[in-house]
Amino acid sequence: MEYNFREIEQKWQKYWAENKTYKAEINQKPKFYVLDMFPYPSGAGLHVGHPLGYIASDIFARYKRLCGYNVLHPMGYDSYGLPAEQYAIQTGQHPEVTTKANINRYREQLDKIGFCFDWDREVRTCEPIYYKWTQWAFQKMFNSFFCNKEQKAFPIDILIAHFEKEGSGDWDIAETEHLEFSAAEWNSWDEKKRNDVLMNYRIAFMGETMVNWCPKLGTVLANDEVVDGVSVRGGFPVEQKKMRQWCLRVSAYAQRLLDGLDTIQWSESIKETQKNWIGRSEGTEVLIKVADQDVDFTIFTTRADTMFGVTFFVLAPESELVDKVTTADQRAAVDEYVKYVKGRTERERMIDHTVTGVFSGAYGVNPITGEKCPIYIAEYVLAGYGTGAIMAVPAHDSRDYAFAKHFNLPIIPLIEGADVSEESYDAKEGIVMNSPMAGKSAIDGFTLNGLTIKEAIAATKKFVSEHNLGRVKVNFRLRDAIFSRQRYWGEPFPVYYKNGIPTMIPEECLPIELPEVDKFLPTETGEPPLGNAQVWAWDEENRKVVDKSLVNEKTIFPIELYTMPGFAGSSAYYLRYMDPRNDKALLSEDASAYWQNVDLYVGGSEHATGHLIYSRFWNKFLFDIGVSKKEEPFQKLVNQGMIQGRSNFVYRIKDTNTFVSLGLKDQYDVTPIHVDVNIVKNDVLDIEAFRTWRPEYNNAEFILEDGKYVCGWAVEKMSKSMYNVVNPDLIVETNGADTLRMYEMFLGPVEQSKPWDTKGIDGVYRFLRRFWALFFDANGNFCVSNDAPSAEELKTLHKTIKKVTFDIENFSFNTSISAFMICANELGKCNKRQILEPLVIILSPFAPHITEELWHLLGNSTSVCDATFPTFDEKYLVENFVKYPISFNGKVRFTLELPADMSKEEVEKTALANEQTQKFTNGAAPKKVIVVPGKIVNIVL
RNA sequence: GCGGCUGUGGUGUAAUUGGUAGCCACGUCAGACUUAGGAUCUGAUGCUGCGAGGCGUGGGGGUUCGAGUCCCUUCAGCCGCACCA
C-alpha cells in the first residue's frame, strides 16, 4: 500500500476531533502545561514561520503525554488590536467581522497541521466572557496599593484606614510623587480631593504623564510600542505630550521582576534584555541647597565618590525646578532655551547629541565642601530618570566633560594618574585624590583621599546618610505602563465618572461590553471613538448601561471613553486557559491549585520588553491577591527563531518588457523585480505562470540561459510585499502535514532564525515513505511479523530510543529526526513487531498522523497518544549486548584508573587485558588506546 | 559606550559535553532500472596532493597526553539598552 498522506491525515484529524482525544481534565496524574504565544489573527493568514514554535511545543506536549503527564496544551486568539481597527476605518467593516473571518482562516490552517490542542479551552480576548476578567483584574489593581517594605500589593482600604488615623505617616509605599499630610488634613478633605490623593498610590491609577502620542494612529503608545521615535505598528512619528491617562504601576514591581529572573529557565539573552529594560541602578540621592534662595533640590548619582569633583549642576529643561531657581536676569535666556527644547521631537533629541544648555543664574551649594557651583539647564539631563537633576563631574563623566568644555567650566580630576586633558576618565578603577584638594577642607574633616573608588562610594554613602545630607536610593529605568488607548477595538474600561471622580462599575455587573459605534474614527470634538457610542452611560441605580442622552439625570454618569491596550488581554490568558468558561471567577481554586503555572512557554523573542514583562507583572499582582499560585507565570521559555523569506528576483531591462536571466543580467541595464516565489522552483522561473501572474507581464519577453530563466535571490523578512510568503497549506497539500512538521524541525535548532528553503524537504518525505514501507510486503499488504528480533535490531532500537528521549528533553528536534533516519537506514527491511511498535510510539510526537494509522494497523484500538513512551534501560543493554557499542554513533569510550607508577607499556597492556575492556571489545582490537603517562587510559572502539 | 548571542564543507547542520571533526540531510558527481526523469535504488563527495602524506572548526596566543568545546586576546555578524547621571 502506498503512503497516502492525504487520506491518512484527513481520517485521523477527524477522529481526534470527534473523540476529543486532546481534551485535558484535572486528574490524579502529574500536570504539565505547554503553551504557545497565542497569535493575533491577521488578514494574511499563517505563513510557514508561524507554525515553527507551535510544532516544537506540540512535539513536546505529545512527548510529555506519552511519559504519563496530564498535559494542558491550549490555543486561542489575541483578537483585539490595531490592524483590525485600521482596516475598519478604511473599509467601514466592523472589526468583529474581519476578526472572526481571520480566526476561522487561522483555525483551518492550524487544523491541517495536526496539533494536539484542546480546542474546548479556546479563548478570544475580544469576547465578553474573556475580557470580563481583564476588567476585573484592572479593578483589583485600582483597589490596591503596593507596599515597598513588604514588596507586595494590599487592598487600598488598609491605606485609607492608615490615612484616617496617621495621615501619610512614614509608610514606604509605591507612589507617583511624594506627599506628606496629616490625619487631620486627610479627614478634612472632600471626596474628590481624597480620590486625587489615592490616585497617587493605586496600582491602576490615572496620572498626568508624558506619553508617546502618535498623531497618525490617534492614540498613545507604550514604550515598547515605540522604537527609534516611530510607532512599531505603521512606523509613524511619535511625539511627547502630557496627557491624563490610565497607568499601571509596573515600576513598583521592578525589584521583584528583576529577582524573579533568577528563578526561571529563560535564555540568557532575553533575561539580559529584561534586566536592561528594568535598569536597576544603585546610587545616592543628595539634597542640594540653592544659594541665596529658599529652594533646594535632590540629585541622583551612582558616583557618590566624585562629590569633590562637582563643578556645576544641571537640571532637565522639563523640571519644575527650572522656574523656581532661574534668576530675573537669566529669565529670558532660560525661557528661550526651554522653548527650543520643547520644539524638538524625541527623535531629534535621540539622534542629535550636540551640546546645548543655558545658565540659570542660580548657584547650588555642594553640601560636603560648601562651595557654590552654577546651575545649568540642559537637555542632556532627562526629566524622566532619577530626579531630573544631576551634579556634574566633568573629569569622570563624558557627557559632563563635553558640557564643561563647551561652556568653559572647570574640570577637577579625582583619580590618581587619570589624564583628563583630552577626555574624561569614566572607568570605576583607581585611587581617589583631590578629595578634598590640598589646602581645602570639607565638613567634619571628611576625606576620601587614598581610597579605592569602591571604598569611596561606600564611605560617601555612609557620610551622607549620617549627616542627613541625602539617602541611599535605588533607581529603575522601568516606567509605569500607560494603560489607555484612544481606540475602539479594545477592552472598555469598567469605569464611570461620578461628578468627575473615576468610579468602578460594581464587580457583579461585569463585563461592561464594548458598545456599537457608527464610526470608528474619533469624534469631531476630538473624543476617542467610543465618543460615537450612543448607549454609553452608567445608570448607578439600575446598575446597567444606558443611553448617554440621559446623563444629566440624577444617577446616570458618563462611562470612560478610552479602551485598554493590546497587552491587557494577553497578560493573563495563560491563567484563563486553566478554567476558560468559569463565569464566577477568573479561574477556580481547584484549577489554579492543579495547573499552577506554565511549564513550557514557546514564542518569539520580540515580546521580551512587552508582553513578557507585562504578564510577569500582571501575574505577580494576581499572586499577591491569591489568584495565581506561582510568582512567575512561565517557568521555562523557548524563543523560536524567525523564519525569514527567501525572495526571488527577475531582471527587467530598463524601459522594456523583456526579462533577462540571472547569468546574463550584467550585460544589460536592468531593474530587479520581486517575483512570487510560488512560481519559481529551485530558482528557475515558470515562464507561463509568470505571464499569467499579473496582466502587465502578459506579453513579457525572456532572454534565457541554457533554455531556462534563472532568478536571483535574497534572504529578507517574509512578507506579502516581497512575494516570498510560503503558505503551510501548500506544503501540506503536496507533501503532507507530517512531512511539514518534521521538515520544519529538521531545518535546524528551534531557537535559530533561518531562511525558508523548500529544497531539502524531499529527504524527510523519503524517510516517512521508507518508514511506512517497513510495514508492508512486496505486494503492498500489511505485513508485520512476530519473530524475535536479532540482537543487532534490538541494539538499533534501543540506541534510537535513548537518543530521541535525550534530544526531546533538550528541545533538540533536528537531531532526533537524524536519529530516526539513521535508525531506518540500519533496520533495512526489518518488519518485526517488537522493533516497529516502540518506534511508532517514539515517532508519534513528530509525525502524529502516519503513526496513528500504523498504530491502528498494528491492532491497537486506542490512540497512539495513550501509549507509553518506551524507556531505555542502559544497564539492561549493557548486560545483554555488551559486545555492541552503546553510544549512538557507534563509539565506546571509557576510562580506567590505574596505579600512578605504571609505565606506559604496562598501562596499555593492563588496559587491554582488563575485564571491562574485554567485555566491550569482545576480543577485537580497539581502534585507539589513549594512554596518559601515570594512570588514566581511554579506550576507543 | 555597556551587555548578550553567534562564527564548523558548496548548503542546512552534527559531535557521546574535553576524547577519531564533519553524523543526518540537501546539492553535486558516477552507476543501475527506465521511452523519459524534477521517480526509485546503489556508490562517491572537507581542502590539497598521482601517492605515502599534509592542512583543516573566523585570526592569534594559552591550559592539557588530547581543544570545535576551557582561558586570554582579536576580528566579523546579529540582537538588546543607551545623553540613565
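Quick note on labels: first sequence line is chain A, next is B, and so on, each numbered from 1.
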When you compare B:G10 with B:G46, how far apart are their C1' atoms, in angstrom units rounded to a whole number?
-> 10 Å
Is the closest side-chain donor-acceptor distance between A:Tyr743 and A:Asn735 under 3.5 Å?
-> no
Any side-chain donor paired with an acceptor under 3.5 Å for A:Ser251 and A:Asp480?
-> yes
Sugar-phosphate, base or nothing in reach of A:Val381, heavy atoms under 4.0 Å | base
Distance between the P atoms of B:G49 and B:G1, in whole angstroms?
-> 44 Å
Testing B:G80, B:C83, B:A25 for proximity to the side chain of A:Arg770, the answer is B:A25
Could you let me know what B:U6 is paired to, Watson-Crick or G-U wobble, both distances under 3.5 Å, or none if it's on its own?
-> B:A76
5' precedence on RNA chain B between A:Thr273 and A:Asp400 (nearest-nucleotide basis) | A:Thr273
What nucleotide among B:C81, B:A14, B:A85 has an atom nearest to a side-chain atom of A:Ser281?
-> B:A85
Which value, in whole Å, describes the distance between the P atoms of nucleotides B:G66 and B:A21?
-> 14 Å
Would you please confirm or rule out a distance under 4.0 Å between OP1 or OP2 of B:A85 and any side-chain N or O of A:Tyr385?
-> yes
Can you tell me if the side-chain N/O atoms of A:Asn814 get under 4.0 Å from OP1 or OP2 in B:G12?
-> no
What is the nucleic acid contact for A:Phe746, judged by heavy atoms within less than 4.0 Å: base, sugar-phosphate only, or nothing?
-> base
Considering only heavy side-chain atoms of A:Asn276, the closest of B:A85, B:G80, B:C83 is B:G80
With the side chain of A:Met821 defined as its heavy atoms from C-beta on, choose the nearest nucleotide among B:A25, B:A15, B:A85.
-> B:A25
Cation-aromatic face contact A:Arg616/A:Trp266, 6.0 Å, 45 degrees | yes
Proximity to the side chain of A:Lys759 - top-ranked nucleotide from B:C41, B:C26, B:G4 = B:C26
Would you indicate, yes or no, if B:A25 has its OP1 or OP2 atom less than 4.0 angstrom from a side-chain nitrogen or oxygen of A:Arg766?
-> no
Would you indicate what A:Leu747 reaches in the nucleic acid, counting non-hydrogen atoms under 4.0 angstrom: base, sugar-phosphate, or nothing?
-> sugar-phosphate
Ion pair A:Glu2/A:Arg769, N-O distance below 4.0 Å | no
Opposite nucleotide pairing with B:G46, Watson-Crick or G-U, both atom distances under 3.5 Å = B:C55
With a 4.0 Å cut-off on heavy atoms, is A:Pro755 in touch with a base, just the backbone sugar-phosphate, or nothing at all?
-> nothing
Interatomic distance at C1', B:U48 relative to B:G60, whole Å | 24 Å
Base, sugar-phosphate, or nothing: which does A:Asn825 touch, judged by heavy atoms less than 4.0 Å apart?
-> sugar-phosphate
Give a yes or no on whether A:Glu809 atom CD has more than 12 heavy-atom contacts from other residues, nucleotides or ligands under 6.0 Å away.
-> yes
Nearest to side-chain heavy atoms of A:Arg769, which nucleotide of B:A15, B:U40, B:C24 | B:U40
Determine the Euclidean distance between corresponding P atoms of B:C41 and B:G9; express it in Å to zero decimal places.
-> 29 Å
Output the single nucleotide from B:C81, B:C83, B:A15 whose closest atom is nearest the side chain of A:Thr815.
-> B:A15
